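Have a look at the structure below, then the notes.
Letters A, B, ... mirror the listed sequences (proteins, then strands); counts begin at 1. All of these numbers come straight from a predicted model, not from anything done at the bench.
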Protein chains: 2
Amino acid sequence: MKTISPEMQVFMDYLHQKKLKLTPHRELILEHFIGNEGHRSVDDIYRVVREQDPRVGYTTVYRTMKLLVDSGLAREIDLADGMTRYEHLYNRQHHDHMICMQCGSSIEFYNAHIEALQDAASEQLGFRVTDHRLQIYGLCKSCCD
Amino acid sequence: MKTISPEMQVFMDYLHQKKLKLTPHRELILEHFIGNEGHRSVDDIYRVVREQDPRVGYTTVYRTMKLLVDSGLAREIDLADGMTRYEHLYNRQHHDHMICMQCGSSIEFYNAHIEALQDAASEQLGFRVTDHRLQIYGLCKSCCD
DNA sequence: CTGTGTGCAAATGGTTTGCAAAAAC
DNA sequence: GTTTTTGCAAACCATTTGCACACAG
């Protein structure tokens, strides 16, 4: 029998709640998404999924990624390279990014203190936070040398 | 005689250094940009400038805004509404934005402590910061009610 | 059947670019 | 004259949408 990953379970619950179905294409896209780390664009995912099933179209990847974001499994990130990228969100600590403007690499970091200060600053202004993003641009260690 | 604003002086210096000229169109765009506060899109600026001189083209606004960013007078910001917006940078304290996902308004805020922690976190990872952006998404006070 | 899912191609929309004419020096 | 600037239209490119067909319940 097939093992169901916790991510798949979350997705199935989400789809059920929305009265949508877990189709083979959607399943394939989710599997590839959770199976690979990193910051992947729709095009990245499209190409990998295509290797396994060439019938999957570009549009379906776009639409499925939207569902994944909506279900809380993925997060859109902006790495300033002209396209939306996605990263895992399930069971993953929130974090931010440092983006190297030379080599394009990105470092993930997390600072609880910064997070707390953001929440405090928001509360003080009567702002109800649903999400936040912090990007630090510059040169990574190896590009500094 | 005409008064030259400090922003204009900065722009003139920048253009001179780049061996470019301060043309009437560029001057007009800068004047409108520094004369109005807020987060303005190319389209906003285009329309206002057009009222004064209909010969100014869309392209020129785009190109001039790039020059303004390059000269340090303007900063691109992403308010998640599908287009790049610009805000003043000259003589202005760095700040971040809280963006209301309902009414689209944005609140500027600044927290020295957060800034310092960002720098500390970067230094620790050997990352040389050139810029950073923090956006907090949610609901503003009036949209919460 | 009825409704959802899908691929394709076309549309969209902000931004950029090619190019010839206009302006600046 | 030589170089830069400009406006227009066309190109670009990631993303979205219209639509007819495929497929599942």
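- Mapping B:Arg26 and B:Arg50 onto DNA chain D by nearest heavy atom places B:Arg26 closer to the 5' end of the strand.
- Between the P atom of D:dA24 and the CD atom of A:Glu27 lies a distance of 14 Å, rounded to the nearest Å.
- B:Ser41 comes within contact range of no nucleotide atom at all, as no heavy-atom separation falls under 4.0 Å.
- Nucleic acid contact for B:Val42: none, since no nucleic acid atom lies under 4.0 Å from a heavy atom of the residue.
- When rounded to the nearest whole Å, the span between CG of A:Asp44 and P of D:dT15 equals 11 Å.
- To the nearest angstrom, C1' of D:dT15 lies 15 Å from OH of A:Tyr46.
- One atom, CD1 of B:Ile45, and another, P of C:dT15, lie 11 Å apart when rounded to the nearest Å.
- Of the candidates D:dC8, D:dT15, C:dT15, the closest approach to any side-chain atom of A:Thr84 belongs to D:dT15.
- Using a 4.0 Å cut-off, no side-chain N or O of B:Arg55 falls inside it from OP1 or OP2 of D:dT6.
- A salt bridge does not link A:Lys66 with A:Asp70: none of the charged nitrogens is closer than 4.0 Å to a carboxylate oxygen.
- Residues from residues 11-25 of chain A placing a heavy atom under 4.0 Å of any atom in DNA chain C, listed by number, are A:Leu20, A:Lys21, A:Thr23, A:His25.
- By the 30° and 60° cut-offs, the orientation of the rings of B:His94 relative to B:His132 is tilted.
- Nucleic acid contact class of B:Arg63 (heavy atoms, under 4.0 Å, all strands): base.
- No side-chain N or O of B:His97 forms a donor-acceptor pair with one of B:Gln135 less than 3.5 Å apart.
- A:Tyr62 has its OH atom 12 Å from the P atom of D:dT17, to the nearest Å.
- One atom, CG of B:Asp43, and another, C1' of C:dG14, lie 10 Å apart when rounded to the nearest Å.
- Regarding A:Tyr58, its OH atom lies at a distance of 15 Å from the P atom of C:dA9, rounded to whole Å.
- Computed from coordinates, the B:Glu76 CD to C:dT16 C1' distance equals 13 Å when rounded to whole Å.
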